[in-house]
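Working notes, structure below.
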Amino acid sequence: MKSLLLPLFALTPLFASAEKVELRTPNNSFVLDLNKGAEPQFLYYGPALHAGDINHLQRFSDPNWSRPEVYPAYGAVHTQSEVCLAMRHADGNLSTHMLIEDWTIAPISDQAPNGASRKGNLLTVTLKDPVYPTTVHLYYQTYEDVDMMEYWTDITNGEKQTVTLTQFYNPLLPIHRDNVYCTHFHGSWAAEAQLVEDRLQNGMLVIKDKDGLRNATANRNEVMMSLDGPARENEGAVIGASLLYTGNYRITIDTDDSDYHYYFSGINPDNSEYHLRKGETFTTPRTALTYSTKGTNGVSQTFHRWARKYQLRHGNQERMILLNSWEGVYFDINQKGMDQMMQDIKSMGGELFVMDDGWFGDKYPRLTDNSSLGDWVVDTNKLPDGIEGLLRDARKDGVKFGIWIEPEMTCTTSELYEKHPDWVIKAPGREPVRGRGGTQLCLDLSNPKVQDFVFSVVDNLLTDYPEIAYIKWDANAPVMNHGSQYLTKDDQSHLYIALHEGLIKVCQRIRAKYPDVIIQDCASGGGRANYGLLPYFDEFWVSDNTDALQRIYMQWGTSYFYPAIAMASHISAVPNHAVFRTTSLKFRCDVAMSGRLGMEIQPKNMTDEEKALCRQAISDYKSVRPVIQFGDLYRLHSPYAGDNLASEMYVTENKDRAVFFWWKLETFKNQHFPRVKMAGLDPDRMYTIHELNRIDNKPLSFEGQSFSGAYLMNTGLDIPYSHDVDYSKLNDWSSRVLLLE
Ligand code: GLA
């Protein structure tokens, strides 16, 4: 029995009674049963327990009915159910049994991966195998100021010889079988983060990634589990979980013949068995976990708050409005063209210009996507005055300057590959498989020399040109064949894990030396939207698909775990380059404004009227930027509801200002929409309505009128279904952005 003195931990109290250990965040309790010599068991996760409630939580003793052990290991007693750990001991024995040796709990104050300092409590449970010298620590760390917990493990080999880990999930989370629905996100290039909701049934729900490098393109490693029926936005108990990892992962929710669903999360063990040498320790990536009684929005708001504070770079700094050159000029980069784009974005009120792909390559200039990655020197045919010339123009034009790189990649047609063919990923004895442009290859970041090179790409740019304010870091290829020319033949299965350790090491070096530069995480669009990588980045490119209509769906899904400040969202040309849809410019502005606003267009091809509308959108966005970038998101009406409408709003923490978005998804005659009820307002406060990005000839009937928060939340406003514009300007798109203050 252990007992703890409490007064130190007033903000995130923790209690220990008998072997029950309670961890607390501001509103939640998490309880484990930690009985020495036994396996650790799960007892409770949910709203903060009242004094005495903990006494009612009982250790399970009948293994036939429930299996609430949080760290089952394979083979000694767990052979039929799913396990967290499986390993081959040095003598070939496949059985492991992890029992509690001891546990400690203590306040912790450390540095979050984005550099912020954080406080909470850390529970460490030490497990030992009674027969083999294998040690596992389970860690559970709380935050004192946000309802978030993180948990992970480390595994130490005390044997005289190497052991092999074949499965290494984090501790599992049992979820009682009530009426549980799981929301998760799948996608593909240009169609990221599509939402699906499955009722958990007997069997397994497996969500996984094996891309090797871009783990968020196809499936996201985040889930929300609604405990009492299909998820609702503002009501109901919902657990949200995210694996903080940028490599191959596997999330498994197993439902067997017991009373629970079991949520497992961790590195994908496929083709990744890990050889742990004598005395070595393997640490797993963390899982972040929250519980809300306020529906999916409650979970989203917690993740957003936590992310802005602890998991994103500069999450408390307003983002600049930028023009990115890609869809405007593609590879057609030249000094005059860049200068013109800088002047144009400045004239519309923008603050930053980013030169995308196509600026580099000496022996092999990057004219299209089939060469030059790795040769990060300016193509002086296109840019005779080099980056100095671009910075000079940026200074003259009054904008900041940013640049695109793809530093983990090379091409068979490149000087880098000619010099270092041994730096690429390829299967031994085979030709490397080539990706984009028929030439692209991935560099092998398990190799420290490659890590130095990738670091030097950023280091050289920022040392030579400290005025560069922004870097767009791209990654446009998966691991296409398995093989490291650096790892030994015995350790080839370490490739996927070692690549990501290498990448994170490089990112840490970059951030240690360049804490201020803004870096966008891009991977063929949203391929690396994950909280494993984001602590070193400021934002991510949501998708290469900039079509405003499809963006509503993708940004909706993305918003479940990621805040608007991190979601780069750009106004682009029509017909859209990905889906060839023509939407109105007003609609494109109104969608882009719900994230981190930017432009992805050739302003030279815009009419004066179009430029004026964008100028207005940019100026309106500036007036509400803190509300959108730091406010609480309330999703109000889902585009997935099937009635051609989507709506959401952002509300400041003290509820004095809000921005409401309303988008019509399709137009039919005699169409009827539900009146959207707002959320998150102060019922007793009066809010005056002002339309932003207005194009109508006449103001809305409620323009300048005041309504109580209660009215707006109980009744809502009658939004007209179309715009009141001159006949020649009528089209089928309709959307509204309203400021409430
Ligand atoms: C990827 C990115 C795009 C653009 C191109 C450049 O596809 O997602 O935004 O930077 O590469 O080649």
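Atoms within a ligand are numbered from 1 in the order they appear, just like the ligands themselves.
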Quiz item: What do you reckon, are the aromatic ring centroids of F185 and W556 less than 6.0 Å apart?
Solution: no
Considering only N or O atoms, set out every pair between ligand 1 and the protein closer than 3.5 Å, with distances to one decimal place.
residue  : atom   : partner : partner atom : Å
ligand 1 : 7 (O)  : D544    : OD2          : 2.8
ligand 1 : 8 (O)  : G525    : N            : 3.0
ligand 1 : 8 (O)  : D544    : OD1          : 2.5
ligand 1 : 8 (O)  : D544    : OD2          : 3.1
ligand 1 : 9 (O)  : K472    : NZ           : 2.7
ligand 1 : 9 (O)  : W541    : NE1          : 3.4
ligand 1 : 9 (O)  : D544    : OD1          : 3.3
ligand 1 : 10 (O) : D356    : OD1          : 2.7
ligand 1 : 10 (O) : D356    : OD2          : 3.1
ligand 1 : 10 (O) : W404    : NE1          : 3.0
ligand 1 : 10 (O) : K472    : NZ           : 3.1
ligand 1 : 10 (O) : D474    : OD2          : 3.3
ligand 1 : 11 (O) : D474    : OD2          : 2.9
ligand 1 : 11 (O) : N476    : ND2          : 3.2
ligand 1 : 12 (O) : D357    : OD2          : 2.6
ligand 1 : 12 (O) : R436    : NH1          : 2.9
ligand 1 : 12 (O) : R436    : NH2          : 3.0

Quiz item: Would Y640 and Y553 count as a close aromatic pair, with their ring centres under 6.0 Å?
Solution: yes
Practice problem: Anything under 30° is parallel, anything over 60° is perpendicular, the rest tilted; go ahead and classify F360 against W376. | Solution: tilted
Exercise. Mark yes or no: K449 above the aromatic ring of W423, with NZ or CZ under 6.0 Å from the six-membered ring centre and no more than 45 degrees from the axis.
Key: no
Quiz item: Partners of E408 by side-chain hydrogen bond (donor to acceptor under 3.5 Å, both in side chains), sequence neighbours excluded?
Solution: W473, R528
Quiz item: Under the 6.0 Å and 45° cation-pi test, does R588 pair with W663?
Solution: no
